[in-house]
Amino acid sequence: MRRTPRRQRCDHPEERRVNPFATAIEIVRPDIDFGSGTVAAVGRRAGAMGARNILVVADAFNAARVDLLDLPGEVRVFGEVKPEPDIPNLDRALALAEEINPDLVVGFGGGSAMDLAKLVAVLPGSGQTLHEVVGPEKVRGRRIGLIQVPTTAGTGSEGGTRALVTDPATQNKLAVQSRFMLADAAVIDPDLTMTVPAAVTAATGVDAMAHCVEAFTSRKAHPLIDLYALEGIRLVGRFLPRAVRDGGDREARAGLALASLYGGFCLGPVNTTAGHAVAYPLGTRHHIPHGLACAVIFPHTLAFNAPAVPEKTRQVMAALGLPESDDEAAVVDATTRWCADLGIAMRLSAHGVPAGDLPAMAAEAHAIRRLLDNNPREISEQQILALYHAAG
């Protein structure tokens, strides 16, 4: 009897992966200091590394509180990191690094600052340009130290090996992945997130959750990463509403910082899927903050993928404290209400996205194969457009 090709016998990647344990996986981690008051470890670690010429890469707010790091030696600050940083923003940071030739780079801020810090640590003096290192493992090496200090709980960039920069010419994100961009140390002090406003807390918290959800439901999902992913979702489900209600809730802030770190652990070996691919054009074309874009899209991509990963969808819902379901309509309704209860406006129109731009956004999102190829369910350009309309 003629056998049907394996790809055609089953539409659900989760079902055809009989032995996920057989998939090879590599886990890399920085040294980690975690907990209230650990910001004091930054200066100690810098001193132990022998750093005397330090460049801090930060946004304007954190540039004004660099003294918290208690760094030794000569400290210069690049304090112009933008949300959704682009190539010109990176070029200005690289120019300062070329000028002062630091022996240590410290990323101090959210994911944007930490992503730029990674690139500033590897590109100056390397003979490589940004475009030459886009993609996986093209960076030749790193000759200086790198410490990451997150001040938001969302990206998990402190624990990962990826950096994203927007190319203004194409309005696409350029992704660089390299083990050389792994920090020597990540110092995660949840107290540094206490000043984050409620709206930003909500959006960045959903971003952390999206990292975990997308890795958990990915066709590249792995049992070793599932452990971090599912616990990260649980932590967000338990602590994000509390942190939004009371920004001074130290336990909630610590829980979210841990969830963010776990989300970062998910990004290296597994990475995100359709949720992030569909969210990216909202940031690059309409300057919607990344976490907010992920939040608006999250219910729709989770529901779209539910037929391919029904059991994992039910686990995601339970981890968020929602009724267990893999019914697409029920998933959209419950997760939309969960996000809205955090104060997030869940319609694209509320964020100024014009309906006439949706087809171009769908085409752009559909071209992000590095993420969509991980998605548990095939998704066409027209289906992405339908998701945008549903979120409109």
Side-chain angles (χ1 to χ4, degrees), residues 26 28 55 57-59 78 80-102 105-107 109-146 148 155-158 160-183 211 264 267-273 276-290 293 360-374:
E26 180 184 36
V28 291
L55 175 59
V57 178
D59 57 272
F78 177 80
E80 305 170 25
V81 175
K82 299 166 44 177
E84 307 287 333
D86 56 17
I87 292 176
N89 197 204
L90 172 63
D91 285 343
R92 290 193 293 274
L94 292 174
L96 180 57
E98 294 276 7
E99 176 190 331
I100 69 175
N101 191 28
V105 173
V106 178
S112 297
M114 291 187 287
D115 278 11
L116 286 197
K118 291 173 185 175
L119 294 166
V120 168
V122 298
L123 287 179
S126 69
Q128 292 183 288
T129 67
L130 172 64
H131 285 90
E132 288 172 340
V133 298
V134 170
E137 302 303 337
K138 295 181 181 179
V139 174
R140 293 180 189 143
R142 172 161 62 86
R143 59 183 176 80
I144 62 178
L146 177 62
Q148 300 282 26
T155 68
S157 183
E158 67 273 10
T161 60
R162 281 186 172 85
L164 297 174
V165 180
T166 299
D167 183 346
T170 62
Q171 294 187 315
N172 290 327
K173 286 184 181 284
L174 304 178
V176 180
Q177 178 189 346
S178 171
R179 62 186 302 115
F180 292 115
M181 296 197 306
L182 183 75
H211 293 159
L267 294 182
V270 175
N271 208 4
T272 51
T273 60
H276 271 62
V278 176
Y280 279 156
L282 299 178
T284 56
R285 298 177 71 90
H286 299 289
H287 310 293
I288 295 173
H290 175 65
M361 289 167 52
E364 190 173 293
H366 190 255
I368 307 176
R369 303 317 307 175
R370 65 183 179 85
L371 301 184
L372 292 186
D373 287 347
N374 301 334

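Side chain of Arg179 to backbone of Val28: no donor-acceptor contact under 3.5 angstrom is found. Checking side-chain atoms of Asn89 against main-chain N and O of Glu80 turns up a donor-acceptor pair under 3.5 Å. Under a 3.5 Å cut-off, the side chain of Lys173 and the backbone N or O of Gly283 do not form any donor-acceptor pair. A donor-acceptor pair is defined here as one N or O able to donate and one able to accept, closer than 3.5 Å; such a pair exists between the side chain of Asn374 and the backbone of Thr272. Between the side chain of Gln171 and the backbone N or O of Arg285, no donor-acceptor pair lies under 3.5 Å. In this structure, Arg142 contributes its side chain and Leu182 its backbone to a donor-acceptor pair below 3.5 Å. In this structure, Gln128 contributes its side chain and Val133 its backbone to no donor-acceptor pair below 3.5 Å.
Across all their heavy atoms, Ala97 and Leu55 have their closest contact at CB-CD2, 3.8 Å. Counting all heavy atoms, side chain and backbone alike, Gly125 lies closest to Glu98 at N-OE2, 3.6 Å. When all heavy atoms are compared, the tightest approach of Thr166 to Glu84 is OG1-O, 4.2 Å. Minimum heavy-atom separation, Ala277 to Ala365: O-CB, 3.4 Å. Of all heavy-atom pairs between Ala113 and Val81, the closest is N-CG1, 3.6 Å. Of all heavy-atom pairs between Leu146 and Ala121, the closest is CD1-CB, 4.2 Å.
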_Between Thr284 and Asn172, is the side chain to side chain contact (heavy atoms under 4.5 Å, CB included) condition met? List the steps._
CA-CA 7 Å; Thr284 56; Asn172 290 327; 5.6 Å; no
*What's the verdict on side chain to side chain contact (heavy atoms under 4.5 Å, CB included) for Arg92 and Lys82, showing C-alpha distance, side-chain angles and the deciding distance?*
CA-CA 11 Å; Arg92 290 193 293 274; Lys82 299 166 44 177; 4.2 Å; yes
_Test side chain to side chain contact (heavy atoms under 4.5 Å, CB included) on Val176 and Val134; report intermediate values, then the result._
CA-CA 5 Å; Val176 180; Val134 170; 4.3 Å; yes
*Chi angles and distances behind the side chain to side chain contact (heavy atoms under 4.5 Å, CB included) call for Asn271, Arg162*: CA-CA 10 Å; Asn271 208 4; Arg162 281 186 172 85; 3.4 Å; yes
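Side-chain atoms of Val120 and Phe78, non-hydrogen and from C-beta on, never get closer than 4.5 Å to each other. At least one side-chain heavy atom of Pro85 sits under 4.5 Å from a side-chain heavy atom of Ser112. Within the 4.5 Å cutoff, no side-chain heavy atoms of Lys118 are placed close to those of Phe180.
Atoms OG1 and CG, from Thr161 and Leu267 in turn, are 8.5 Å apart once rounded to the nearest 0.5 Å. The distance from the CE atom of Met181 to the CE atom of Met114 is 13.0 Å, given to the nearest 0.5 Å. If you take NZ on Lys138 and NE2 on His131, they are separated by 11.5 Å, rounding to the nearest 0.5 Å. Between the CG atom in Asp115 and the CD atom in Glu158 there is a gap of 10.5 Å [rounded to 0.5 Å]. The CG atom of Leu116 sits 9.0 Å away from the CG atom of Asp86 when rounded to the nearest 0.5 Å.
With sequence neighbours excluded, no residue forms a side chain to side chain donor-acceptor pair (under 3.5 Å) with Arg370.
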